[in-house]
Amino acid sequence: MAVSPDAFRGALRRFASGVTIVTVAAGDELHGMTASSFASVSLSPPLVLVCLDKASRTLELVSETGSFAVNVLAAGQQEASAAFARPGVKPFASVPHGFGSNGAPVLDEAIAVLECTTHRVFEAGDHEVVLGEVTAATVSDGDPLVYYDGAYRSLSSSTES
């Protein structure tokens, strides 16, 4: 018995996640998309994964270039997240950024950036799972942007164990 799409979506909305923007540059074209399906995979070699919609321009350009960046968003970057989640032209002109060593756009206010080369790609339903080998990593101070139950959230407190 298969789970219904509504039940599946409802269960996934209960998983709090950080928010990332995956960026890529192919020649003069800059592109990117908001992605909450992101995870670390391995320390040796350093691998991460992102899940990209098969129909996305981002996946097409990542496949073409073999490189991308994962920008981990800071609290307060909801507008950037929403803008990169919409289809069409991306708002690089209004989002301060530079470029990483692999040429991918790096968002100035991100709290972490992982520059990657494509290690392997797997088909997974209507998405592709892209494994990226991390070639550079930078971190900045700040709290993460969190997405939970269909809304952006902030961390209310820190606990240490």
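With no hydrogens or angles considered, no side-chain donor-acceptor pair links Tyr148 and Arg13 at under 3.5 Å. The closest side-chain donor-acceptor pair between Asn71 and Thr23 falls under 3.5 angstrom.
Side-chain contact check for Glu29 versus Arg57: some heavy-atom pair is nearer than 4.5 Å. Within the 4.5 Å cutoff, side-chain heavy atoms of Pro144 are placed close to those of Ile111. You'll find the side chain of Val130 reaches within 4.5 Å of the side chain of Leu59, heavy atoms only. Side-chain contact between Leu107 and Val95 is present, with at least one heavy-atom pair separated by less than 4.5 Å. Side-chain contact between Lys90 and Leu30 is absent, with no heavy atoms from C-beta onward closer than 4.5 Å. The shortest side-chain heavy-atom distance between Ser81 and Leu145 falls under the 4.5 Å cut-off.
When all heavy atoms of Ala69 and Pro105 are compared, the closest pair comes out as CB-O, 3.8 Å. Of all non-hydrogen atoms in Val146 and Val19, the two that sit nearest each other are C-CG2, 4.4 Å. A pairwise comparison of heavy atoms in Ala137 and Leu114 identifies CB-CD2, 3.7 Å as the closest pair. Shortest non-hydrogen contact noted between Ala35 and Val22 is CB-CG2, 4.0 Å. Between Val106 and Gly100, the closest heavy-atom pair is CG2-N, 3.4 Å.
Val72 and Tyr147 fall into different hydrophobic clusters, where Ile, Leu, Val, Met, Phe, Trp and Tyr are joined by side-chain heavy atoms under 4.5 Å apart, directly or via other members. Hydrophobic clustering (side-chain heavy atoms under 4.5 Å, transitive across Ile, Leu, Val, Met, Phe, Trp, Tyr) groups Leu61 together with Val70. Hydrophobic clustering (ILVMFWY, side-chain heavy atoms < 4.5 Å, transitive): Met33 and Val24 are in one cluster.
A distance below 6.0 Å separates the ring centres of Phe84 and Phe92.
Phe99 CZ: more than 12 foreign heavy atoms inside a 6.0 Å radius.
Between the side chain of Asn102 and the backbone N or O of Phe68 there is at least one donor-acceptor pair closer than 3.5 Å. The backbone N or O of Gly76 sits less than 3.5 Å from a side-chain atom of Gln78, completing a donor-acceptor pair.
For the atom pair CG of Asp126 and CG of Leu52, the computed distance is 11.5 Å after rounding to the nearest 0.5 Å. Between the CD atom of Glu128 and the OG atom of Ser56 there is a distance of 9.0 Å, given to the nearest 0.5 Å.
Sorted by first and then second residue, the pairs that involve residues 100-125 and meet salt bridge (charged side-chain N to carboxylate O under 4.0 Å, His left out), not counting sequence neighbours, are Lys54-Glu123.
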In a table with atom names and distances, give each donor-acceptor pair under 3.5 Å that connects a side chain of residues 36-50 to protein atoms at least two apart or in another chain.
residue : atom : partner : partner atom : Å
Ser42   : OG   : Ser44   : N            : 3.2
Ser42   : OG   : Ser44   : O            : 3.3
Ser42   : OG   : Pro45   : O            : 2.8

